[in-house]
Structures are given as structure tokens and as C-alpha cells.
Amino acid sequence: MDRFVNLHNHSEYSLLDGFGKISEYVDRAVELGQPALGLTDHGNLYGIHNFILECQKKGIKPVPGLEAYMAPQNPLGARCHKPIRYGKKGQESIDVSGSGAYLHLTLFAMSETGLHNLYKLVMEASKEGNDYNHLDMKNGDGNFYMKPRMDMDMLSLYNEGLIATTGCPSGEVQTRFRLGQDQQAYDYARRMSEMFKGRYYVEIMNHNMRKDIEKSTIKKLLKLSKDLNLPLLATNDSHYCKHEDSYHHSELLCDNSKSLMSDPTYDDGGSRFAFEGDQYYLKSREEMEEVLPNQVFQSAMDNTIKLAESVGEFSFAMHNDLRPIIAIPDGYTETEWFKHKIKEGYQKKRVDAGCSDEILAESKKRIAHEISVFIDNDFVQYMLVVQDYIMWAKNNGIGVGYGRGSVGGSEIAYVMDISDTDPIRHDLLFERFLNPERISPPDVDTDFASSRRDEVADYVKEKYGQDHITNIVTFGRFMSKQAIKDMARIYGIPPFESDKAAKMIPGGKKPISLKKIYDPTAPEYKEGQDFRDLMKEEKWVKVIDAARAIEGRIKSTGVHACGIIMSSKSISDYAPMVYKHNPTKSWGSSVSQWTY
């Protein structure tokens with residue numbers, strides 16, 4: 001076993017900053033013989049669910065975390081929405097990051113409680129005030145300023161089960177040290193140590209940077225560790241999996257900064273965002289000892305093992321009790337009310353509609369069969385909740401679709417006005433909707449008039465509570481055509497040429513992946529011959545190499561066009577959420593960080 005754990009790692013969920021995929025990181029950690037792996041994406045928990053499951057699948061321990069954005073120290077904390085500088089004029093390049101907007105802090109969850117506190121922290125950090133005053137906050141009460149930011153008050157409330165470190169060179173302690181403000185660095189570290197009670201580490205990293213912002217503070221960090229009796233922790237702030245991924249990572253960053261690969265970098269006075277050096281990858285202990293060679297750093301590497309060993313197990317058990325619950329009128333049980341609604345619907349849609357005796361008999365037969373399935377499998381509340389918002393929409397003149405998919409096979413759904421598709425007339429099977437031999441949750445897809453869909457969502461929000469309703473995040477990825485266009489741009493190829501090249505990718509509106517175009521075993525391989533011939537030209541060689549590397553990786557986030565999650569309990573207790581920036585509707589203010 002390799003006696004080192006890579007804890008500070010950024011995946012593709014650190015949008016357009018991290019290059020490595022979670023699966024790549026996990027496979028590499030296993031290959032290195034390391035017993036655990038950390039994930040610390042920038043200010044979000046998008047990848048944590050997949051990360052934990054992937055680690056468990058491959059037999060290593062997950063250490064979930066994030067690199068948080070912290071508001072600079074000031075009386076208002078994260079509610080202060082203006083730049084704050086610690087240094088003097090002329091020290092801007094080594095002062096607070098983001099032009100005075102934020103610093104960095106590394107956090108890890110060591111238990112389920114800690115993980116849930118991370119959920120709370122990322123949600124609080126994303127709340128906005130000022131121009132984004134959609135949460136009825138007073139001006140300036142939000143925490144989002146340039147980035148979703150935390151502050152010391154939030155950490156004091158939600159630090160149970162968490163481990164904190166001094167972070168990267170953009171952390172509070174290192175920033176103070178660089179500015180010569182050693183006393184403030186010590187005061188902050190003491191406060192954090194008291195707050196986290198034995199769960200606060202001094203983080204050490206070295207990438208042999210020309211600017212030397214890491215090495216310049218290492219001696220002070222070592223002294224701080226000794227003076228305050230704080231354990232050291234060695235990390236490598238990985239943004240890609242292997243050393244050879246460095247150049248592709250620089251191409252990703254170039255795309256992020258909308259510059260050209262031929263442009264000078266920020267450090268050289270140019271406009272191109274780039275990391276200094278090529279050392280931001282998962283390293284073995286032997287490789288870490290090369291950059292942290294002194295004996296004093298041995299404990300920093302040993303402590304990565306100790307930290308990982310202090311982390312407990314995580315599980316994502318299914319909770320049936322999280323389904324939304326509708327109020328039942330006095331004098332009825334849940335089942336009695338369900339039967340009452342079915343009886344009402346049967347009278348209206350079968351008896352009063354003048355159906356034949358044969359149809360009435362078939363309806364009763366189907367209802368008797370279906371009702372036992374719904375009751376026995378605890379789906380009564382689900383049907384009542386769905387009927388409630390559909391009937392509200394219909395009663396308020398909002399267009400509702402007939403009921404797409406398998407729900408059309410349910411006689412109960414038909415008589416309850418959940419579906420307007422007659423299953424008897426069309427001879428549809430209930431078992432396609434809910435099969436007693438193979439139970440899975442029912443799925444009712446409901447279409448509302450797009451111009452008034454928000455009204456239905458508003459109704460649901462008011463009925464169940466805003467923190468019980470959330471939108472669902474989506475992830476836009478670099479597909480073949482977009483990958484070609486973006487990578488052509490960073491290499492200075494004009495748009496009309498890259499558009500022409502992208503149109504040569506076979507598949508029309510569903511273009512074939514570059515992976516298949518270059519895979520001789522793929523059925524689509526022959527279709528891509530003309531495209532491959534073009535890519536052999538000298539000016540396209542770097543473009544296609546970059547595009548193939550970046551294809552499939554995350555480019556952006558969005559919000560699911562239709563899906564809304566509803567829960568009987570606060571969703572942030574079970575999954576991370578963030579608040580959408582400047583939404584047009586208050587119900588749309590929160591977005592789950594995990595896909596459905």
C-alpha cells in the first residue's frame with residue numbers, strides 16, 4: 001500500500017478549471033495502491049454522490065469535501081458585497097483573491113453529520129442579496145459576491161463532523177503571511193483551531209512555481225504548526241489525473257478565459273489563464289517526497305492516512321418517508337380518502353358518462369385490482385399528491401396534457417382525472433404503469449401549458465414549503481461538434497473554418513462522437529473518413545488532439561426544463577442545493593446539485 005492519500009483534488013465539476021473525471025481519479029488512486037481519495041471541488045458538491053459511490057465500488061475510502069470560498073474578514077462577513085484588501089497599495093498581486101472578493105478554505109466531511117453540514121454550508125453560501133434580492137432579504141444580506149461565500153459565523157453553526165485546513169496559497173493564513181501580517185494569521189488559526197477542536201490542519205503543498213507563493217510561506221506554516229500544535233497535511237491540489245494531462249488542462253483553462261493558446265499567461269502579463277508548471281496531478285508518496293523532501297514533511301504525508309482513517313462510512317439509502325404528504329380531511333384515513341376520490345371519479349367518468357354495463361363491470365374489475373396494488377406498495381399518497389396539483393391546474397383554466405406514457409393504462413388514474421386516456425377503450429395494460437410482480441415507483445409525466453407552468457409550481461411551493469421544492473441541475477458537456485469549435489478557437493482558427501469542419505462530423509442533428517470516429521471497431525468509423533482526412537492537415541492536428549481529450553467533459557450547468565423535486569422534509573437535509581442567480585420566479589430559487 002502506498003502510504004499517502006491524495007486529498008485535495010478538483011474534478012471536472014470544478015467547472016472549466018478541473019480536468020479530471022471522477023472515474024479517472026478513482027482508477028488512478030487504485031492503481032497507485034492508495035487506500036482512500038479526497039474530492040474538493042470549488043464551492044460545490046456536484047460530484048460528491050458519484051464520487052462516494054465510485055470509491056466504494058472500487059474498494060477505496062471516499063473522503064468527500066470541497067474547497068470553499070470564504071469572505072475576507074470583516075464585520076459583515078459574507079454579507080459584505082465590496083472588495084476587501086488586507087495589504088497596502090502595490091501588494092494587490094499577493095492580496096485577497098478575486099480582486100478582494102474571496103479566500104479559499106479546504107473542508108472534509110468525516111461523518112454523515114459532516115456531509116449534511118456541507119449541504120447546509122453550500123446552500124447558505126449561494127444565497128444572494130443586492131441585485132439578486134429574490135429571497136426577500138434586506139439589501140446586502142446575501143452571501144453570494146462573485147462566488148458563493150461562507151464566513152466564520154456559518155462555520156461556527158455547521159462545523160460538526162467536518163475537518164478544515166488552512167487551504168491553498170489563496171487561504172486566509174497564507175495570504176496574511178505573504179503580506180507580512182503574521183499576527184493576523186496566528187489569530188485566525190487560533191480561532192479556527194478552537195472552533196474545529198482537533199480537526200484543523202496546516203496544509204502544505206509545493207508545485208515549484210516561479211512566483212514562489214507556496215515556498216515563501218512554508219517556513220511560516222511549519223512554525224505555525226509547531227507553535228499552535230496543529231498537525232501538518234501534505235496535498236497536491238490536483239486538477240488532472242496524470243502528468244500527461246497537463247497540456248489538455250491548459251487548453252481547458254484557455255477556453256475558460258476566452259483567450260488563445262498563443263497569448264501570454266496572466267503571470268506573464270497576458271490574458272490567458274494558466275497554471276504555473278505541470279505538477280497538479282495525483283502523486284504517489286515517492287513523488288510527494290521529491291517536492292517535500294525534508295524529514296519534517298514525513299508527518300504531513302503520514303497525516304493524510306490518519307485523516308482518511310478518521311473518516312467514517314457514507315451511504316445513500318432510499319427514504320420512502322421523504323415523499324410529499326397531502327393533508328387528509330378530518331374523518332378519513334389516507335386509504336379511505338383515496339377510495340372516496342376513486343368513487344367520486346368513477347361516478348363522474350363512468351356512470352354519469354353513460355358507459356355500458358360491460359364497461360362499468362370492466363372498470364370495477366380494474367379498480368379492484370389496481371387499488372390493492374397502490375395500497376400494498378404505499379403509493380396512495382403519491383396518487384393523491386399528483387391528483388391535487390393536476391386538478392388545481394384544471395380548475396384554474398391551465399391546459400393539462402392527456403397523460404403521457406404508461407399512466408394511460410391505469411383505470412384509477414383515469415377516473416381520478418390524473419390521466420385523460422381511457423385504458424378500457426384503448427385496451428391498455430395497468431402492468432406497464434405499476435407491475436405487482438416487479439414493483440418500481442409509478443411515473444406520471446404531466447404536461448402543463450408552458451405559458452402557465454410556473455403557476456402550478458408556485459401552487460406546489462406554497463402548499464408544501466419552499467425548502468421542500470427544488471429544481472434539478474443539468475450538466476452540459478463538450479460534444480463532438482462543440483469540442484471541435486472551442487478547441488479550434490483557442491488555436492486561432494476562424495469560426496467559418498471550424499463551423500465547416502464541425503459540419504463534416506457525421507450524424508446530422510445527432511453527431512457521432514469523436515471517440516467512435518477514431519475507433520476502427522465502431523460501426524460509424526467509415527462515415528468519418530472525410531473528417532479524419534481533414535484533421536490530418538497540420539493546422540488541425542493540435543485541435544483534434546485537444547477536442548478528443550475534452551469531449552464528454554463538463555462545460556456548463558443548467559436547470560432541467562421540466563423536472564421539479566418535491567419532498568415531505570427539507571431537501572437540504574438530504575442533498576446539496578444552491579440558489580439560482582437572479583431567477584424570474586421565487587419558486588425556482590433553489591436547484592439540487594445532483595441530477596435525478
Side-chain angles (χ1 to χ4, degrees), residues 4-10 17 38 40 42 67 70 86-88 90-98 102-106 164-186 188-189 192 200-228 230-240 243 246 249-250 253 264-269 273-304 307:
F4 178 72
V5 174
N6 284 278
L7 292 169
H8 189 147
N9 307 303
H10 295 273
D17 184 71
T40 53
H42 284 302
E67 186 168 38
M70 292 290 293
Y86 292 161
K88 302 174 183 177
Q91 291 184 311
E92 288 84 3
S93 64
I94 59 172
D95 208 332
V96 176
S97 299
Y102 54 83
L103 299 131
H104 290 190
L105 176 74
T106 314
T165 83
T166 54
C168 70
S170 295
E172 174 83 22
V173 170
Q174 292 90 323
T175 300
R176 293 289 194 180
F177 277 152
R178 282 196 306 276
L179 295 170
Q181 300 173 5
D182 293 17
Q183 186 58 53
Q184 289 92 328
Y186 270 70
Y188 177 85
M192 289 291 287
Y200 185 54
Y201 287 76
V202 175
E203 188 171 350
I204 303 287
M205 59 180 69
N206 178 23
H207 298 93
N208 289 320
M209 302 167 70
R210 281 182 302 159
K211 287 175 62 178
D212 212 19
I213 62 172
E214 295 171 335
K215 287 183 180 178
S216 65
T217 61
I218 283 183
K219 287 184 178 179
K220 290 185 177 183
L221 289 170
L222 292 175
K223 188 175 186 300
L224 175 75
S225 169
K226 184 177 180 180
D227 291 346
L228 301 188
L230 299 174
L232 294 170
L233 190 72
T235 70
N236 199 47
D237 196 9
S238 301
H239 283 66
Y240 41 91
H243 181 256
S246 171
H249 176 247
S250 68
L253 298 182
T265 66
Y266 289 165
D267 292 339
D268 293 326
F273 179 37
F275 282 20
E276 188 176 321
D278 56 2
Q279 297 296 304
Y280 300 85
Y281 63 95
L282 288 197
K283 290 189 173 182
S284 65
R285 175 145 186 164
E286 182 179 357
E287 289 175 300
M288 289 297 294
E289 288 174 345
E290 290 176 4
V291 293
L292 298 172
N294 295 340
Q295 186 63 33
V296 69
F297 297 123
Q298 294 298 310
S299 67
M301 283 174 262
D302 292 340
N303 285 338
T304 65
L307 188 153

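Just so it is clear, the model here is predicted, and its values are computed rather than measured.
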Asks: Quick check: closest heavy atoms across Ala185 and Arg176, and the distance to 0.1 Å?
Replies: CB-CB, 3.7 Å
Asks: Begin with the C-alpha distance, continue with both residues' side-chain angles, and end with the deciding distance and a verdict on side-chain hydrogen bond (donor to acceptor under 3.5 Å, both in side chains) for Glu203 and Thr235.
Replies: CA-CA 7 Å; Glu203 188 171 350; Thr235 70; 2.7 Å; yes
Asks: Does Thr265 have any side-chain contact (heavy atoms from CB on, under 4.5 Å) partners at least two apart in sequence or in another chain, and if so, which?
Replies: Asp267, Asp268, Arg272, Ala274
Asks: If you take all heavy atoms of Met192 and Ala164, which pair is closest and at what distance?
Replies: CE-CB, 4.0 Å
Asks: Measuring only between side-chain heavy atoms, which start at C-beta, is Phe297 closer than 4.5 Å to Leu222?
Replies: yes
Asks: If the condition is side chain to side chain donor-acceptor pair (under 3.5 Å), which residues does Arg285 pass it with, not counting sequence neighbours?
Replies: Glu289, Gln298, Asp302
Asks: With under 30° as parallel and over 60° as perpendicular, where do the rings of His239 and His42 fit, or are they tilted in between?
Replies: tilted
Asks: Ignoring hydrogens, what is the shortest heavy-atom contact between Leu292 and Ala234? Give both atom names and the distance.
Replies: CD1-CB, 3.9 Å
Asks: Mind listing the closest non-hydrogen atom pair of Gly167 and Thr106 along with its distance?
Replies: CA-OG1, 3.4 Å
Asks: For Tyr201 and Asn303, run side-chain hydrogen bond (donor to acceptor under 3.5 Å, both in side chains): C-alpha distance rounded to whole Å, both residues' side-chain angles, the deciding distance at 0.1 Å, then the answer.
Replies: CA-CA 9 Å; Tyr201 287 76; Asn303 285 338; 5.9 Å; no
Asks: Check whether any side-chain heavy atom of Phe177 lies under 4.5 Å from a side-chain heavy atom of Lys219, and answer yes or no.
Replies: no
Asks: Donor-acceptor pair, distance only, cut-off 3.5 Å: does the side chain of Asp95 make one with the backbone of Gly87?
Replies: yes
Asks: Tell me, do Met205 and Pro169 make a side-chain contact under 4.5 Å, heavy atoms counted?
Replies: yes
Asks: With Lys226, which residues qualify under salt bridge (charged side-chain N to carboxylate O under 4.0 Å, His left out), at least two apart?
Replies: none
Asks: side-chain contact (heavy atoms from CB on, under 4.5 Å) with Lys283: which residues, sequence neighbours excluded?
Replies: Asn236, Gln279, Tyr281, Glu287, Met288, Val291
Asks: Could you go step by step and tell me if Tyr86 and Glu172 meet the side-chain hydrogen bond (donor to acceptor under 3.5 Å, both in side chains) rule?
Replies: CA-CA 10 Å; Tyr86 292 161; Glu172 174 83 22; 2.9 Å; yes
Asks: Is there side-chain contact between Ser246 and Tyr240, with heavy atoms separated by less than 4.5 Å?
Replies: yes
Asks: Nearest 0.5 Å, please: how far is CZ in Arg178 from OG in Ser170?
Replies: 6.5 Å
Asks: Determine whether Lys223 and Tyr186 satisfy the following criterion, side chain to side chain contact (heavy atoms under 4.5 Å, CB included), listing intermediate values before the conclusion.
Replies: CA-CA 10 Å; Lys223 188 175 186 300; Tyr186 270 70; 3.7 Å; yes
Asks: Is the backbone of Pro231 close enough, under 3.5 Å, to the side chain of Ser225 for a donor and an acceptor to pair up by distance?
Replies: no
Asks: For Leu253, enumerate each residue passing the side-chain contact (heavy atoms from CB on, under 4.5 Å) test, keeping only those at least two apart in sequence or located in another chain.
Replies: Asp17, His249, Phe273, Phe275
Asks: Given 3.5 Å as the limit, does a donor-acceptor pair link the side chain of Gln174 with the main chain of Glu214, or not?
Replies: no
Asks: So, do Leu307 and Val5 sit near enough that their side-chain heavy atoms are less than 4.5 Å apart?
Replies: no
Asks: First locate atom OG1 of Thr217, then atom CD1 of Ile204, and finally report the distance between them rounded to the nearest 0.5 Å.
Replies: 7.0 Å
Asks: What distance separates Leu233 CG from Leu7 CG, expressed to the nearest 0.5 Å?
Replies: 5.5 Å
Asks: Between Thr40 and Asn9, is there a donor-acceptor pair closer than 3.5 Å when you use the side chain of the first and the backbone of the second?
Replies: yes
Asks: Output the distance between atom CG (Leu230) and atom CG (Leu224), rounded to the nearest 0.5 Å.
Replies: 5.5 Å
Asks: Suppose we screen for ring-ring contact (aromatic ring centres under 6.0 Å, His included). Which residues come up paired with His8, at least two apart in sequence or across chains?
Replies: His10
Asks: As an exercise, state the distance from OG1 of Thr165 to CD of Glu67, rounded to the nearest 0.5 Å.
Replies: 8.5 Å
